[in-house]
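In what follows, a structure is listed as structure tokens, so that the remarks can point back to it.
Below, chains carry the letters A, B, ... as their sequence lines are ordered, and counting in each starts from 1. Just so you know, these numbers come straight off a predicted model, no measurement behind them. All heavy atoms count here, side chains included; hydrogens, waters and symmetry mates do not.
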Number of protein chains: 2
Amino acid sequence: MTAGGVIKRGGYHHGDLRQAMIDAAEAVLAEKGVGGFTLRECARRAGVSPAAPAHHFGNLVGLLTAIATLGFDQLSDAMEAAVAEAVATGKDRLAAICEGYLEVALTRPGRFRVVFGRLGLKSGDAELRAAGVRAFGILVRETKLALGRQVDVDVLTRLPSSYGDDTDLAEILFVWSITHGFSTMLIDGQLAPLEMQPGGRERLIALYSGRLMEMLLAAVRASTAMPLANPVSHG
Amino acid sequence: MTAGGVIKRGGYHHGDLRQAMIDAAEAVLAEKGVGGFTLRECARRAGVSPAAPAHHFGNLVGLLTAIATLGFDQLSDAMEAAVAEAVATGKDRLAAICEGYLEVALTRPGRFRVVFGRLGLKSGDAELRAAGVRAFGILVRETKLALGRQVDVDVLTRLPSSYGDDTDLAEILFVWSITHGFSTMLIDGQLAPLEMQPGGRERLIALYSGRLMEMLLAAVRASTAMPLANPVSHG
DNA sequence: TGCGTTATCTTGACGGCGTCAAGTTCGATT
DNA sequence: AATCGAACTTGACGCCGTCAAGATAACGCA
């Protein structure tokens with residue numbers, strides 16, 4: 001992790017500037033947030049001239065895209081880990097990934113905002129796209145499992161445009177909206193007035209893991225009980 | 001509205017630079033989004049030097065704060081209008097404000113992002129605070145009404161720190177998370193892959209107004225059916 | 001081992017940005 | 001009509017992202 005990203009390998013040639021820039025960028029994001037984020041500042045921390053990163057990332061957008069890709073990967077890993085733990089402990093899988101999602105947002109809010117914050121990213125970037133598809137695929141898979149559907153194994157690697165089986169789209173959007181909405185509101189300070197009250201942020205998180213997950217699961221289970229009027233075969 | 005905000009009243013003195021700057025700012029936000037937003041560009045459109053706005057807004061943050069205040073007001077107005085229409089047509093009030101919320105986000109995504117996008121705002125600003133409290137108060141009021149609670153009339157003007165009656169906080173957060181989450185994901189392009197599919201954005205909006213609202217209302221009604229174990233008196 | 005190729009990084013410059021200090025204009029008050 | 005103060009301009013500062021041209025050193029190949 002090389003905390004702070006202030007490593008400087010050799011003299012003229014850095015050695016691993018790409019990684020050093022990413023480390024520095026995340027340090028800056030953690031310290032100053034998206035607003036105070038600057039390419040020159042990152043280069044400074046990496047011990048390198050302002051123009052050096054261009055060769056590795058093209059431009060600022062390229063650096064942000066690389067970070068966003070990491071963010072998606074972290075999200076996917078955290079959700080899969082949450083599922084694994086849920087399976088081990090008997091906890092609900094869907095609730096587990098929703099809590100994992102929030103935890104990632106809280107752990108690295110800067111990186112999370114790069115992923116979802118509408119700073120420009122390289123929209124065509126293949127790696128970014130793949131990472132996003134993977135993360136979304138986990139959410140789709142778990143929602144479908146919670147609905148009792150048969151899930152194709154390759155749901156994880158399919159392109160977004162081929163989620164053509166819209167059977168459970170409403171439930172998927174429902175789950176994702178709650179999870180993403182609560183996470184963004186919390187890290188973006190929309191709930192700050194509520195955090196001022198006794199119990200603070202922990203109380204809100206407990207409410208999310210507790211009552212909100214109960215309501216979410218109940219809503220999804222209600223969908224299970226009343227399946228489609230015109231069932232669509234899938235597979 | 002003075003579309004574009006390119007009015008120029010007199011010669012040296014503008015006449016109503018404050019409003020002209022806000023108009024120009026919103027035009028820029030609509031055209032280029034938050035990324036391409038610049039104080040100098042707004043000043044240019046208002047036909048004024050880059051340093052002129054300082055007297056009215058202090059700095060860039062001040063301008064954004066003024067816009068955010070407008071955004072909260074618009075949100076409140078839209079939600080109240082939605083309630084009024086719902087009362088007239090017999091539609092559900094809570095679903096109405098949730099749909100009004102989304103509609104505001106879709107109509108003015110730039111302004112919406114200024115309100116919620118974690119660009120720095122003047123956190124201490126009294127007007128911004130009041131506007132935010134009003135908007136949040138409407139959401140609180142309608143959620144409580146949907147839960148069958150008796151709602152104090154002055155819930156709208158109370159400071160956030162005195163929403164101390166936490167009785168229905170989970171339901172409030174639940175409703176707000178879905179509404180805010182779906183709205184932000186849609187305008188920030190997270191659902192873009194889904195918009196590519198036949199039906200496009202309209203299909204997603206219909207799903208939101210339809211199935212998602214059904215699920216949301218069902219979840220809230222389920223809370224009504226099973227009230228608190230230890231009811232807390234309020235009032 | 002020596003040499004050339006090429007990726008990597010520096011230097012210097014450009015225009016644009018937000019903001020400040022000082023000067024200019026002009027409406028309003030008396 | 002004189003004056004005062006608010007509104008606006010001018011010019012400058014440091015910082016930003018990016019580019020072109022030059023310096024350096026790692027690496028492949030003889």
Grab the [atom1]-[atom2] distance between [X] and [N] for me, whole Å please.
X: A:Glu41; N: D:dG17; atom1: CD; atom2: P; answer: 10 Å
X: B:His55; N: C:dG23; atom1: NE2; atom2: P; answer: 17 Å
X: A:Phe57; N: D:dG17; atom1: CZ; atom2: C1'; answer: 15 Å
X: B:Asp16; N: D:dA6; atom1: CG; atom2: C1'; answer: 15 Å
X: A:Leu39; N: C:dC17; atom1: CG; atom2: P; answer: 18 Å
X: B:Leu64; N: C:dG18; atom1: CG; atom2: C1'; answer: 12 Å
X: B:Lys32; N: C:dG16; atom1: NZ; atom2: P; answer: 12 Å
X: B:His14; N: D:dA6; atom1: NE2; atom2: C1'; answer: 16 Å

Under 4.0 angstrom between A:His56 side-chain N/O and C:dC9 OP1 or OP2: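 For C:dC9, OP1 or OP2 has a side-chain N or O of A:His56 closer than 4.0 Å.
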Any B:Arg18 side-chain N or O less than 4.0 Å from OP1/OP2 of D:dA6: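 For D:dA6, OP1/OP2 do not have a side-chain N/O of B:Arg18 under 4.0 Å.
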Parallel, tilted or perpendicular: rings of A:Phe182 and A:Tyr208 (30°, 60°): parallel
Ion pair A:Lys144/A:Glu171, N-O distance below 4.0 Å: no
Short N-O contact, A:Asp73 and A:Arg134, less than 4.0 angstrom: yes
Touch class at under 4.0 angstrom, heavy-atom based, for A:Ser49 against every strand present: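 Here A:Ser49 touches the bases of the nucleic acid.
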Centroid-centroid under 6.0 Å between B:Phe136 and B:Trp176 rings: yes
Full working for side chain to side chain contact (heavy atoms under 4.5 Å, CB included) between B:Glu142 and B:Met79: CA-CA 10 Å; B:Glu142 294 301 322; B:Met79 289 193 292; over 6 Å; no
Name the closest nucleotide to the [X] side chain, picking from [options].
X: B:His13; options: D:dC16, C:dC9, D:dC8; value: D:dC8
X: B:Arg40; options: C:dT10, C:dG18, D:dT9; value: C:dG18
X: B:Arg44; options: D:dT9, C:dT10, C:dC17; value: C:dC17
X: A:Asn59; options: C:dT10, D:dT9, D:dT18; value: D:dT18
X: A:Ala51; options: C:dC9, C:dT11, D:dG17; value: C:dT11

